Structure formats: C-alpha cells, structure tokens
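Computed from a prediction, not measured in an experiment: that's the story for all the values here. Just so it is clear: chains get the letters A, B, ... in the order the sequence lines come, proteins before strands, and each one is counted from 1.
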Amino acid sequence: MSEERSLNFLEEIIETDLKEGKYKNIHTRFPPEPNGYLHIGHASSIHLNFSLAKKYNGKCNLRFDDTNPSTEETEYVENIKNDIKWLGYSWDNEFFTSDYFETLYGYAQKLIDKGLAYVDDSTAEQIASMKGNLNEPGINSPFRNRSVEENRTLFEAMREGKFGDGEKVLRAKIDMAHPNLLMRDPIIYRIKHEHHHRSGDRWCIYPMYDFAHGQSDSIEHITHSICTLEFIHHRPLYNWFIEQLEIFPSHQYEFARRNLTYTVMSKRKLLQLVNEKHVTGWDDPRMPTISGMRRRGYSAASIRNFCETVGIAKRENIVDLSLLEFCVREDLNKHAIRAMAVLDPVKLVITNYPSDLSEELELENNPEDESAGKRTVLFSKELWIEREDFMENPPKKFFRLGVGLMVRLKGAYIVRCDDFQKDETGKVVSIQCTYIPESRSGSDTSGIHVKGTIHWVSVKHAQCAEVRLYDRLFKTDNPSNEEGDFKEYLNPNSLSVLQQVWIEPELAKAKVGQYFQFLRKGYFCVDIESTPERMIFNRTVTLKDAWAKELKK
RNA sequence: AGUCCGAUGGUGUAAAGGUAGCACAACUGAUUUUGGUUCAGUUAGCCCAGGUUCGAAUCCUGGUCGGACUACCA
C-alpha cells in the first residue's frame, strides 16, 4: 500500500503538458552563475530540477550562466560541479552561456534588423533618470530612433572594440511607459573590456542576463525553466525575446526560495562573512554552504531528504533549522558507527578492580544495523567519564553517578559510587567506585537493575583528540529581518574548541570525512584539517537530549 | 502610488466543491545496557467580509496583511 504522494504545482504543470502532448519529453536545467559557492537553498533548486527530470524521464542540464566576466571564475565552476556531484546528481549536458555568445550576438542583430533594438549613447545615469519610476512612465532616449543601418554599424563597432566601457549599450525597443520597469527598453548588451574565464579576450561586449538566460534555455530546448520568485517580473521579457526572435518557446516557472532559521542565505551576505573573517571560509562548518555542511558532517542523503521533505511552493517561507537537524540525525542514526569519546573528562577509579588487568569487551558498532559488526574496547581500573555524569548533590531523577548511586558502564560493568575528591577550587578531580564483577555485559548474573548507562574511555588506552563544537551561526531566528546590520546578531558561541578529548583507540584510525556517533554526545566527523598525530572531530549535531530538557524545567 | 505574486496549527507542506491530513517542533506515556532509537498518544490551523451552492480551504466579488520590482548584477 503505497499512497501516492500529492503533486506539487510544477509536477501538475508538467503532467498536464505531457498529457496534452505539448512536449514528448521534458528538459530542465540548473543554471548557476560561477561567482560563489552553492548553499542549501541551491540544493533545493538542484534537487527540484534533477528529480523532476528523473521522475518524468526527461533530462537536466548543468549550465553556467557566465555572462559577467567581472565576477566569475573557473575556481567557482569546479567547486559547483564538485558539490552537485557530491549531492548525488549527474547532469545530461554541461553547457556554458559563454559558448552561445556568437549565437546571442546574431539574435541581437536580428532584433536590430526588426527595428526592435537600438544603440544608446546615454550614460548609465542618464538611462536611469529617463527610466521613470514605479509611478511615472519613463521617457524615450534621444537615440531611440536611429536607423537600422546605423544601429547595425554601431553594434558591430561595439563588438570590434571601437568604444570604451560604458560608452554605448544596446537596448531592446519595447515601451518606456510599460508598468513593468523591466520592459522599459532594457539594456541587452554592454561593453566590458575584460578577460572572460572561458572566452578569454574574444569579446568586449557581453549580453545581460535577460538577453542570455531565456535564449540559452531556448537553444537547449529547455521545456520547463525553473527559477526563484524574484525573476517573476522578468517573465514577460523572457517571453518577449523568445517571441520576437521566433525561437524555441521555453517557459519560465517560479518557486519560492528556501530560507532557514538562524542563518542567512544570500550570496552577498555569505561573502561578507567570509571576507570579514566571521567564519574561516566558504567551507566553514557553520556556513549553510554545501561545502560547509559537507565538512560539518552532513550526509548528501540527509540534504536530499531535507529538500524533499520541505517541498516547494510559491509563498514566502522560513524553514525550521530543527527539520534539517532531524534529517541528518535520521540518516546518521542508521549509518554512523558508534564510538565512545569523553569530551569533558574526570577520572573514575574502580577501587576493587586489579590495577594490572585490561579486559577486551565487545561492543556493537550500530544497534540499528547488525551488519555493522562489533568492535573491541579495552577496559581497565582507571577510566575517563563525562564530568556532567557525576553530581555531588544529585536531584531525584538523576540516573547517573553520585555517592551511593549505581550506573552501568556501557558494555562493561555496573559500578557503585563510593567517594570523590575535590581540589581547592571545588572542582571534582576524581571519583571512586566499586564494580560488581558478576554484572559484566552479556553475562550479567547480578540481578541488579540500574536506570543509567554512561560512556567511558580507559585512561591507559585513551587517545587525545581535538573536538570542535558548533552551534547556530546567529542568535536570532531571522537575522535578515532584524534591525540594523545582520552581523550584530552573530552568535559569539557558534564555535567552541575542546583541546583535550579522550577517544577510544579505534577512533584514532578514522579517515577525513568519516562520521561517527559519539555515544550520548552526538554525531561527529573527521575534519579536513585532521592528521593522524592530531585528530580533529567536528560535531555535526547533538543527539536529542531529554535530560537537558528536564533540567530546563 | 503602478505592476505582479502570495496567504492552511509554532514551522514547512497537502486536500482540484463533500471527514482539514502529513512531517518537524512542543507535550504525555511505554520500551531501551545511548536520558539516543523505536512505539503509542496529546495540544494546535483554513487572513477577513460578502456571494454562488444541499455543501466552500477550494469557485466569484471586495477588503486586509505580507512580499517582489526603479543595477551597464544574476
């Protein structure tokens, strides 16, 4: 019994188009501009475009929208491709808008020939002032009525580099009184004597977005061109060009971009965080970038599932960070190998345990997955345990250690706390326990039932590691909405570094990118800066913590 | 002010004229050698007003509220 999932509005459109025979196959595309890194919002768009194509047996292109040589770089191209592949998607064709420059130039000439484009000598300021505003119509440029021949000659001269940057532009001749500002004779070509990351110095004129995007869709026979809501005003222009140029009629559809609580998503703001060193780079684990999340320990599957769960629509939204966290816990719970690590250590001594004995204990690697097997963990007289697992004056429901209380040491024995010592500052420095020899895991004949189980690491065998704990980047759930600069709302505690964490020896062999569940503490993965000499783990996300909630009451 | 878009529990998203559902979050409880997982349950929603209809979240009209648009960026 698999209940049919309801369709989102794009699926409805596609199914109608297919049923009515408008298209035999659908074709989508993901069109990033190579001027920055991909973030979780892009993941939504990637997931949408690729999975739509897959679902309806169509194709999806990757097309780099590289019409602005000033901001675009090959380095971004490579990172974007890497991120998409890592997310688990493969494109049918890899294209670049810059490969269409010659075709686009021809389209512009066609517009000129039809009397629908003209070369304007006005300055940027003049053009802006003649544009009018939301309430008032614009006025025609004095160059609007140049002859076709003159426009042709001038446009060719622009291409040949006879003019400097900004001296002239090519504009579409539409309607300076149009209520949609984008239709008031939009600029379609500008002069930029700049080196392009792919076309080199072949061109000194470059098409604007509006004169490149729709045409590129058309060239590739994209049937459903999906973009975010802010491009909705561009659609009339998109259609106008296709109509006047008499080329393949691609259609644009818009959906609302995803926002996440406690973070910012605009490239501009993310770039600012990077440039002003509020984070260590685009791949800082606190960043909502794909590379940051990967480094933090998010699995590709969890991100895909997040995108699927959130769905799409056309209304404004801000998705709860906790949904993302749920998705990553859900995936990692099934796949992460369990291990023990003590983040804030205090020493526990088992007074009745032989000092020269080391026992090998078998622990399951993942209770959710028997095929993950077991591992051996060494047990001895002195152990590191978590400082928060002991209390001098424990409250009623504290199922951990305190004088007289008993707990199970995970995979080992039940111990009873007898005594503890404090230093002159009042800090607990050691805890003494006695263990119940017949309570060993797997062969427990003690008949004793304890409510709490705590994790531990044998002092004698423990290895030291660094652990980086991450928290939300911002203090407020919608920093872009707050008064003043969004950076005032950065969370000063978004990163805390623990220099001396004790880990089981098995963990010291872990490779970069490998992820684990540190028992009772959360999901962690090996950071790219980690070395065999100095292991570094990033906390991806904590485990749900019912006790922490209890304490807040 | 002009044009366009949107409005369903705290959040995200369904219901195409016929029982307002799902997920997250929150809260109870059960299970548990992770206070994890799992399981059972609870709280909580159709922007407003009219109209059409036996019946409206859905269709119509009018409001209200929110958002986008005035780069030689994409």
Side-chain angles (χ1 to χ4, degrees), chain A residues 3 5-8 12 31-33 35 65-68 70-72 120 122-124 127-128 131-138 165-171 178-184 186-192 206 208-210 212-213 227 229-236 254 256 258 261 267-268 309-327 329-330 333-334 338 340 363-364 367-368 397-400 407-412 414 439 441-442 444 449-455 477 517-522 542-550:
Chain A
E3 199 166 310
R5 191 181 65 83
S6 53
L7 304 178
N8 64 46
E12 284 176 12
E33 183 190 10
N35 70 342
D65 218 338
D66 56 350
T67 58
N68 184 0
S70 329
T71 56
E72 295 151 5
D120 195 333
S122 311
T123 64
I127 290 176
K131 189 153 195 181
N133 57 43
L134 296 178
N135 310 305
E136 290 160 25
D165 289 5
E167 258 181 68
K168 288 185 167 34
V169 290
L170 184 70
R171 292 228 259 168
H178 199 107
N180 180 342
L181 294 291
L182 286 163
M183 297 294 272
R184 320 241 262 227
I187 294 167
I188 58 181
Y189 262 93
R190 77 290 215 186
I191 300 169
K192 266 180 189 272
Y206 293 92
M208 299 288 290
Y209 167 86
D210 285 307
H213 200 99
C227 61
L229 242 35
E230 69 266 29
F231 289 99
I232 203 161
H233 306 275
H234 295 247
R235 187 160 23 127
E254 309 84 13
R258 310 317 320 204
T261 53
K267 266 191 205 171
R268 198 195 100 246
T309 305
V310 161
I312 59 148
K314 296 183 77 162
R315 74 179 89 133
E316 292 264 308
N317 61 81
I318 180 158
V319 182
D320 239 305
L321 219 210
S322 60
L323 179 60
L324 219 205
E325 294 183 336
F326 166 81
C327 289
R329 287 189 186 110
E330 184 189 40
N333 177 48
K334 284 182 283 195
R338 270 56 170 176
M340 296 196 284
L363 268 78
E364 56 194 346
E368 308 297 316
K397 285 194 274 187
F398 188 72
F399 306 136
R400 305 180 190 182
V407 291
R408 156 88 52 193
L409 295 169
K410 177 69 184 177
I414 292 173
S439 68
S441 282
D444 186 351
H449 175 74
V450 292
K451 284 211 101 162
T453 300
I454 65 172
H455 62 282
D477 62 356
Q517 184 197 99
F518 288 180
L519 237 50
R520 305 206 299 143
K521 296 272 84 175
T542 61
L543 255 27
K544 285 217 279 184
D545 191 344
W547 175 243
K549 271 185 198 167
E550 185 68 29

Taking the same atom, C1', in B/C72 and in B/U61, what whole-Å distance lies between them? 45 Å
What is the base-pairing partner of B/U53, counting Watson-Crick and G-U wobble geometry with both distances under 3.5 Å? none
Can you confirm whether or not the ring centre of A/His234 sits under 6.0 Å from the ring centre of A/Tyr209? yes
Atom C1', compared across B/A23 and B/A44: separation rounded to whole Å: 15 Å
Can you see which heavy atom on A/Leu182 is nearest to which on A/Asp210, and at what distance? CD2-OD2, 4.3 Å
In Watson-Crick or G-U wobble terms, both distances under 3.5 Å, what is the partner of B/C72? none
Might you point out which heavy atoms bring A/Lys314 and A/Ala256 nearest each other, and give the distance in Å? C-CB, 3.8 Å
In whole angstroms, the gap separating C1' of B/U13 from CG of A/Leu7 amounts to 13 Å
Would you measure the distance from the P atom in B/G45 across to the matching atom in B/G10 and give it in whole Å? 7 Å
Can you check the distance between B/C46 and B/C39, where both ends of the measurement are the C1' atom (answer in whole Å)? 31 Å
For nucleotides B/A56 and B/A49, find the distance between their P atoms and express it as a whole number of Å. 14 Å
Where do A/Gly132 and A/Arg184 come nearest, in terms of heavy atoms and distance? C-NH2, 3.8 Å
Roughly, in whole Å, what's the span from CZ in A/Arg315 to C1' in B/U11? 11 Å
Quantified in whole Å, what is the P atom distance between nucleotide B/C60 and nucleotide B/G41? 39 Å
Using a 4.0 Å heavy-atom cut-off, does A/Ile414 contact any base of the nucleic acid, only the sugar-phosphate backbone, or nothing at all? nothing
What is the pairing partner of B/U13, taking Watson-Crick or G-U wobble pairs with both distances under 3.5 Å in any strand? B/G21
Rounded to whole angstrom, note down the P distance from B/G9 over to B/G21. 14 Å
Closest non-hydrogen atom pair between A/Leu181 and A/Lys131, with its separation: O-CE, 3.3 Å
Name the pairing partner of B/C65, where a pair is Watson-Crick or G-U wobble with both distances under 3.5 Å, or state none. B/G6
Heavy-atom pair with the smallest gap, counting every atom of A/Pro31 and A/Asp65: O-CB, 3.9 Å
Let me know the distance between NZ of A/Lys314 and C1' of B/U13, rounded to the nearest Å. 16 Å
Quick one: does A/Arg338's side chain have a donor or acceptor within less than 3.5 Å of a partner on A/Leu363's backbone? no
Its contact letters, B for base, S for sugar-phosphate only and - for none at protein heavy atoms under 4.0 Å, make nucleotides 68-74 of chain B read BBB-BSB
Treating primed atoms plus P, OP1 and OP2 as sugar-phosphate and everything else as base, which nucleotides of nucleotides 28-44 of chain B get B, S or - for protein heavy atoms under 4.0 Å? S----BBBBS-------
So what does A/Glu12 hit on the nucleic acid, given a heavy-atom distance under 4.0 Å: a base, only sugar-phosphate, or nothing? base
With rounding to the closest Å, how many angstrom separate the C1' atoms on B/G18 and B/U11? 29 Å
Measure across A/Arg258 and A/Ala313 and return the closest heavy-atom pair with its distance rounded to 0.1 Å. NH1-N, 4.4 Å
Provide, to the nearest angstrom, the distance between the CG atom belonging to A/Leu321 and the P atom belonging to B/A23. 21 Å
Run through A/Lys410, A/Arg520, A/Lys521 and flag the one making a side chain to side chain donor-acceptor pair (under 3.5 Å) with A/His455. A/Arg520
Is it the case that A/Lys192 places NZ or CZ above or below the six-membered ring of A/Tyr206, under 6.0 angstrom from the centre and within 45 degrees of the axis? no
Scanning all shown strands, the Watson-Crick or wobble mate of B/U28 with both distances under 3.5 Å is B/A40
